[in-house]
Structures are given as structure tokens and as C-alpha cells.
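First comes the structure, then the notes that go with it.
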Amino acid sequence: MRLHLSACPPFSLWAVVESHGWVYLPPFAADAQTRTLTRVERLENGRVIELFISEAGDGVTVTAREPLNGPEREEVSRKVWWMLGLGEDLRPFYELARGEPALAHVEAQALGRLLRCPTFFEDLVKTILTTNTTWAGTVRMVSALTSRLGDPLPTDPSRNAFPTAAQIARAGEDALQAMGLGYRTSALAALARQVADGALDLESMKDNNRSSADIYHRLRQIKGVGEYAAAMALMLLGCYDYLPVDAWARKLVARQWHGDQPVGPRQVEAAFARWGRWKALAYWFWEWEEETSAV
DNA sequence: TTCCAGGGGTAGA
DNA sequence: TCTACCCATGGA
């Protein structure tokens, strides 16, 4: 199976892949040599396949080893389109960024899209698993969740798709606790149960008809989702008007504008207020530049 | 042993 | 709404 998807320009697959840490979490993987993003994906009919995504022409080429029928191809197109934010138009952000030397490079490098998972459920689970832990801890927890609960890839059973909400709900809290999820166990179990039985429709939050304030409010009602996690999750929905203020954000603002003196959430908010509905993106790629230039 | 990690929940004001 | 305090895990 092979298909081509066009992106709203400017576009760079690798800019999306390297936009944040998701590519290092299964079932994503990347080959820097061939600049290919791969993902083990469970289709809605239960079939598990591996997708290979590479940049081509005005967008990407998606391939799989197996032939896919019409509905399966449509599902893959829809999921990849969402994962890479191919339809996202960032021109208003780029216009603002041109006036800021620290972000003058974002348009030329096509920075701005964030790699996301096919379902918002998976994005939210992974976001919760980044809270109150180290990145190594996040990798450990997501890897355990995927390898123990996700459906295996038939051609390589050592690799798995991300588990569905129903699969996580069925596993139960004891199994989740045994994966070292710590205090996040009860939050994750409750979230999976609510999504699995239809009490909570996370995927409807992808529709941008609702205001981000409304989505933020709904996210904050979910156990385990605090201010940081809600803002981060909103970014993955394409809403950038809430800042994910964490230790890194405070460090950045302290270093840039406060002579390395400790700052709180208010100073972070003030530092990026002028970016309006693009503030989280401005923060993210300001931070991104700081991080990558430091390496 | 102690401290901290790209926070969250709760009580109390 | 804001603050203080406590909370679980694993690694340094």
C-alpha cells in the first residue's frame, strides 16, 4: 500500500518529527538516516500494521507492506493527516514571528506543527505520563503500557500498537500499578474506563468548534490533568492560548528576562502574553531553539 | 540517605 | 482564586 498526502505549506516532515518527545515513545519510531517516521498502528477493524512515512513532494508518502482495502486506506489517510497536522495553516503565527529575532527562523524551517497521536486519548495518556517524573520515567511507563497491553504486530510480535481505552480499562489497576505508573494509576484507570464506556468523548475535542477555554475547562475536570497537562494537551489539539508552565518554562523565562532569578507562573504568562492565541507555540519553539542550540 | 524530576490534589483562607 | 502542604516512583 502506498499513498501520497499533501500539506499546507510550508512543511517539513522532520520539523514535525523533532518538534517534541513523542517520536521517542512507542509505537512511534524514526530512522534519522532515511528520514522515515514509523508507527505500529491498530486499525479500527483490529488489524495491526506498520506505517512508514517519508517526505515527498508537497507532503508525505505513506507506505505499508500489506495491501489495504478502501476503508483502511481512508482511515490511514485520516490518521496520518491528523498526526502530522498536514492541514494546519500557521501563516498568522509566522507573520508575528518575523518581528521577533528569536523566532525569525521558524518559517524557513517550517517549525510549528507538533507530532501527535492518531487519537486524543493516546495523546492525553502520554501527557499524563509526563507529569511529575523524568523523561526516562515517561519512556519506561509508555513502553510498559504498549508492550504489555497493545496488540502485537503480526510480522514482528515484539512490537505493539498503543492499547485502546478498552484494553487499558480491562487490564485493571493492579496491572497498571505493576507497570510502575505510581500515583498515576488511578487517574489512568478512571480515564480509560470513562472513554471505553462512552461516558467521556475525548475525540470530539478535536473539532475546533468549541472554544479552547471550554476544552481547557473540560480537561481540568479529568483526574490527573492539572494546569500544565491541560495546556500541553490543548497544544496537541492545535489550540495555543494556554501556556504549559513547567520547570523548563520557568527556567527559560528566568534566564531570558529576569537575570536567572526564580519566576512564577505569572511572569511566564507575562513574558508571552503579547503572542495572544499563538503564545504556547511562541514559547515552545523559543524553548526548542534554546534546547537544540545548546546541544 | 537525601533530593529531585518538564506537577497534581486538597484543605483552608 | 491563591497558597501551603503532601503526595507516588525511580534514579542520581
Side-chain angles (χ1 to χ4, degrees), chain A residues 18-25 28 111 114-117 122-148 168 171-192 194 200 202 213 215-237 240 242-258 260-273 279-295:
Chain A
E18 294 188 325
S19 59
H20 64 136
W22 264 204
V23 66
Y24 300 109
L25 300 177
F28 279 119
L111 296 174
L114 299 172
L115 180 64
R116 48 193 175 193
C117 304
E122 182 180 338
D123 273 331
L124 192 58
V125 167
K126 287 177 172 174
T127 299
I128 290 172
L129 295 183
T130 63
T131 59
N132 245 329
T133 185
T134 58
W135 179 250
T138 301
V139 173
R140 176 178 49 75
M141 289 185 271
V142 173
S143 298
L145 207 57
T146 306
S147 64
R148 297 187 201 177
I168 295 176
E173 292 201 18
D174 290 346
L176 296 178
Q177 189 70 38
M179 293 175 203
L181 269 56
Y183 74 97
R184 303 166 198 82
T185 295
S186 60
L188 204 59
L191 178 64
Q194 287 182 284
L200 180 62
L202 288 178
I215 299 175
Y216 179 84
H217 202 71
R218 290 169 65 198
L219 288 172
R220 288 287 280 109
Q221 291 173 334
I222 297 171
K223 194 177 161 194
V225 179
E227 293 175 5
Y228 164 80
M232 193 65 230
L234 266 176
M235 286 185 72
L236 295 171
L237 289 173
Y240 309 111
Y242 287 81
L243 283 171
V245 180
D246 57 9
W248 283 27
R250 286 191 288 271
K251 272 184 212 165
L252 171 73
V253 172
R255 190 169 61 238
Q256 288 275 328
W257 294 285
H258 294 272
D260 261 337
Q261 292 303 305
V263 299
R266 265 183 232 90
Q267 286 96 326
V268 176
E269 197 63 41
F272 290 96
K279 67 173 79 160
L281 222 44
Y283 154 67
W284 196 261
F285 287 95
W286 201 304
E287 178 71 292
W288 193 90
E289 177 67 8
E290 290 279 310
E291 288 305 308
T292 51
S293 60
V295 173

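Note on naming: letters A, B, ... go to the chains in the order of the sequence lines (proteins, then strands), and numbering restarts at 1 for each one.
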Next item on the list: Let me have a per-nucleotide readout for nucleotides 3-8 of chain C, 5' to 3', with B, S or -, counting only protein heavy atoms under 4.0 Å.
Entry: S----B
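Listed by chain and residue number, A:Ala144, A:Met179 satisfy the side-chain contact (heavy atoms from CB on, under 4.5 Å) test with A:Arg148 (two or more places apart in sequence, or in another chain). For A:Tyr240, the side chain to side chain donor-acceptor pair (under 3.5 Å) partners at least two apart in sequence or on another chain are A:Glu88. With sequence neighbours left out, the side-chain contact (heavy atoms from CB on, under 4.5 Å) criterion links A:Arg250 to A:Val245, A:Ala247, A:Val263, A:Val268. For A:Trp257, the ring-ring contact (aromatic ring centres under 6.0 Å, His included) criterion is met by A:Phe272, A:Trp286, not counting sequence neighbours. In this structure, the ring-ring contact (aromatic ring centres under 6.0 Å, His included) partners of A:Tyr242, at least two apart in sequence or on a different chain, are A:Tyr216. By the salt bridge (charged side-chain N to carboxylate O under 4.0 Å, His left out) test, A:Glu173 is found to be paired with no residue, residues two or more places apart in sequence or in another chain being considered. Not counting sequence neighbours, the partners of A:His217 by the side-chain contact (heavy atoms from CB on, under 4.5 Å) test are A:Gln221.
Distance, A:Leu181 CG to B:dG8 P: 15 Å, rounded to whole Å. In this structure, CD of A:Glu269 is placed 14 Å from P of C:dT1, rounded to the nearest angstrom. Rounded to an integer number of Å, the gap from A:Ile128 CD1 to B:dG8 C1' is 11 Å. Residue A:Lys251 contributes atom NZ, which lies 8 Å from atom C1' of B:dG6 at whole-angstrom precision. Atom CG of A:Leu236 and atom P of B:dG6 are 18 Å apart (whole Å). Distance A:Leu219 CG to B:dG8 C1': 15 Å, rounded to the nearest Å. Distance, A:Asp246 CG to B:dC4 C1': 15 Å, rounded to whole Å. Between A:Leu25 atom CG and B:dG6 atom P there is a gap of 14 Å when expressed in whole angstrom units.
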Side-chain donor-acceptor pairs under 3.5 Å in residues 180-192 of chain A, sequence neighbours left out?
from: A:Tyr183; atom 1: OH; to: A:Asn132; atom 2: ND2; distance (Å): 3.0
from: A:Arg184; atom 1: NE; to: A:Thr131; atom 2: O; distance (Å): 3.1
from: A:Arg184; atom 1: NH1; to: A:Leu181; atom 2: O; distance (Å): 3.0
from: A:Arg184; atom 1: NH2; to: A:Thr131; atom 2: O; distance (Å): 3.0
from: A:Arg184; atom 1: NH2; to: A:Asn132; atom 2: O; distance (Å): 2.9
from: A:Thr185; atom 1: OG1; to: A:Gln177; atom 2: OE1; distance (Å): 3.1
from: A:Thr185; atom 1: OG1; to: A:Gly182; atom 2: O; distance (Å): 2.8
from: A:Ser186; atom 1: OG; to: A:Lys223; atom 2: NZ; distance (Å): 3.1

For nucleotides 10-12 of chain C, give me every protein contact, N/O to N/O, under 3.5 Å, one pair per line with atom names.
none

Short heteroatom pairs, N/O only, protein and nucleotides 9-13 of chain B, under 3.5 Å:
from: B:dG9; atom 1: OP1; to: A:Gly224; atom 2: N; distance (Å): 2.4

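Nucleic acid contact for A:Ala187: none, since no nucleic acid atom lies under 4.0 Å from a heavy atom of the residue.
Sorted by first and then second residue, the pairs that involve residues 122-131 of chain A and meet salt bridge (charged side-chain N to carboxylate O under 4.0 Å, His left out), not counting sequence neighbours, are A:Arg39-A:Glu122, A:Glu122-A:Lys126.
Nucleotides C:dA4 and B:dG6, compared at atom P, are 24 Å apart to the nearest Å. Rounded to whole Å, the separation between the C1' atoms of C:dG11 and B:dT1 comes to 14 Å.
The structure places CD of A:Gln194 at 8.5 Å from CG of A:Leu202, a figure rounded to the nearest 0.5 Å.
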